[in-house]
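Right, one structure below, let's go through it.
Note that ligands are numbered from 1 as they come in the structure, with each ligand's atoms numbered from 1 the same way.
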Amino acid sequence: MYYYSLNREAPGSDFREAVISGQARDKGLYFPAALPRLPEAWIKTIETRSDIAIGIDIMRPYTEHALPEKILQRIIEETLSFPMPLIPLSENIFSMELFHGPTQAFKDIGARFMSGCLGYFLRGAKQKAIVLTATSGDTGGAVAHAFHNVPGIEVVILYPSRKISTVQEAQITGPGGNINALAIEGTFDDCQALVKQAFADEALRQKRILTSANSINIARWLPQQIYYFLAWKQWPEKQAPPLISVPSGNFGNISAGVLAHLSGLPAEGFIAACNANAAVPDYLASGHYQTGPVKHTLSSAMDVSAPNNFVRLLALYHNQYSGLKDVVSGYSISDDQTRNAIKQAYNRYDYLLDPHGAVGFAALEKAQELQIGRKGLFLETAHPAKFLSARPEEEQAGNYIAMDKTYKAFKHYLLENLG
Ligand SMILES: *Cc1c(COP(=O)(O)O)cnc(C)c1O
């Protein structure tokens with residue numbers, strides 16, 4: 001497969017180059033030049049296939065020529081090494097649980113696929129590659145776990161000191177070894193700015209091989225399609241495809257689902273389930289795209305004001321508002337509605353939601369008010385226990401280095417401690 005930049009000002013790349021560089025040289029997101037189409041017979045007989053075989057069939061067209069079949073199989077086996085059950089809450093509402101991986105959030109799936117690809121591409125390289133990742137919480141843990149002990153790779157994770165949950169921090173600082181955790185005195189935006197500055201620093205890039213594991217990398221984006229097909233495999237009523245509600249922040253997850261749909265996944269429609277950061281639901285309602293300052297909510301992993309992957313969602317419909325809004329609807333769910341959804345699901349269905357899944361659940365119920373009797377599923381993107389703990393005041397144990405938010409300190413660290 002060939003990938004072009006959505007900014008269309010850089011040359012295209014093959015899978016290998018697109019994964020290693022993360023982003024095209026014109027800072028555009030990579031996008032597949034053709035959308036694979038799964039045969040109807042394949043979709044009809046999906047229940048006869050193993051999860052691994054489904055994953056391989058979905059990813060093969062994207063990785064062809066870059067990953068030999070045996071390597072792809074090994075990577076898929078590592079990616080799908082935990083269960084993803086579809087749990088009925090009621091006759092019409094199902095929860096697709098994506099939190100049974102090692103760091104209890106769906107980001108494990110993309111991070112594990114990507115670490116498998118990078119580990120393979122960089123095998124035998126003379127110099128270690130440095131994977132830089134800024135995180136507001138969940139990405140850091142998933143990347144730390146997925147890349148731990150991968151030869152040839154040092155990982156540097158920057159997180160805002162004391163602004164992530166204790167569970168999240170333990171997942172980042174716990175592994176040690178090739179996982180280097182930097183607690184930055186600042187915000188997530190400060191962390192992201194440091195990473196961006198490092199990528200723009202030509203003098204640094206002469207001396208160190210830098211790559212990134214952020215969510216726009218195609219090796220994290222594309223494999224997310226797999227669990228939509230695994231949900232379909234478990235869907236009980238094949239003659240009535242589901243409404244699919246996706247708790248959304250950066251819009252990588254839902255755009256992967258819509259990509260899967262265009263490749264043959266049956267779905268009645270998609271729901272962009274957002275918290276108070278509602279740029280996309282507002283766009284879907286009005287046709288006008290406008291972003292404002294970020295709002296902090298209970299579903300913190302979705303506190304994104306300008307979603308990176310929105311351009312991919314648009315590109316899937318050739319940048320046509322009318323095509324997109326026929327398939328995707330949007331809802332903005334307040335913190336009060338989120339709390340209420342957690343209460344309702346617990347009281348009515350004896351089911352404990354996390355705040356992100358709760359946004360998906362609440363948006364699905366709203367959509368079902370307009371489509372009475374239509375069955376749907378929401379993606380439960382994190383384990384409820386991951387977000388319950390309040391942050392204690394004392395410092396945490398673990399392997400991390402506290403650092404101020406200056407680029408000078410960060411660059412010094414990269415040059416003196418790694419490589
Ligand atoms: C990252 C994250 C999301 C948002 O996913 P996007 O692909 O960025 O839209 C939702 N829920 C949880 C728990 C997350 O960690």
Side-chain angles (χ1 to χ4, degrees), residues 29 84 95-114 133-146 159 164-165 167-168 171-172 188 192 213-228 244-260 270-281 294 297-313 328 330-333 338 341-342 352-364 378-388:
L29 273 65
M84 299 182 211
S95 171
M96 182 62 181
E97 294 186 345
L98 302 178
F99 57 71
H100 295 282
T103 71
Q104 303 165 302
F106 81 99
K107 290 192 173 76
D108 279 326
I109 293 139
R112 288 160 80 80
F113 188 85
M114 182 179 169
T133 305
T135 181
S136 57
D138 281 341
T139 293
V143 167
H145 195 282
Y159 65 95
I164 64 177
S165 85
V167 175
Q168 290 172 328
Q171 290 175 346
I172 295 168
F188 168 63
Q192 211 161 22
N214 72 12
S215 67
I216 63 174
N217 195 300
I218 54 166
R220 280 189 58 190
W221 181 50
L222 295 170
Q224 298 177 115
Q225 294 176 89
I226 298 170
Y227 46 73
Y228 288 91
I244 300 177
S245 178
V246 186
S248 295
N250 243 332
F251 278 68
N253 200 358
I254 191 170
S255 59
V258 173
L259 173 60
F270 286 81
I271 299 164
C274 294
N275 57 30
N277 296 284
V280 176
V294 68
T297 74
L298 286 175
S299 45
S300 55
M302 289 153 45
D303 290 347
V304 179
S305 64
N308 264 329
N309 283 288
F310 178 56
V311 287
R312 281 185 170 140
L313 195 57
V328 183
Y331 291 91
S332 168
I333 304 295
T338 305
I342 293 173
L352 188 57
L353 293 165
D354 99 292
H356 306 80
V359 170
F361 170 89
L364 176 59
F378 64 95
L379 303 186
E380 181 39 300
T381 48
H383 192 288
K386 199 168 179 184
F387 291 90
L388 286 181

Might you point out which heavy atoms bring Ala358 and Ile342 nearest each other, and give the distance in Å?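 Smallest interatomic distance, heavy atoms only, reads CB-CG1, 3.6 Å.
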At what distance, to the nearest 0.5 angstrom, does [atom1] of [X] lie from [atom2] of [Y]?
X	Y	atom1	atom2	answer
Arg112	Lys107	CZ	NZ	16.0 Å
Ser215	Asn308	OG	CG	6.0 Å
Asp138	Met302	CG	CE	11.5 Å

Is it the case that the side chains of Thr297 and Ser299 hold a donor-acceptor pair, with the cut-off being a distance below 3.5 Å and no angle test? yes
Shell of residues surrounding ligand 1, defined by a 4.0 angstrom heavy-atom cut-off that is strict: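 Near ligand 1, by chain and number: Phe106, Lys107, Asp138, Pro247, Ser248, Gly249, Asn250, Phe251, Gly252, Asn253, Ala301, Met302, His356, Thr381, Ala382.
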Any side-chain heavy-atom pair from Trp221 and Leu259 closer than 4.5 angstrom? yes
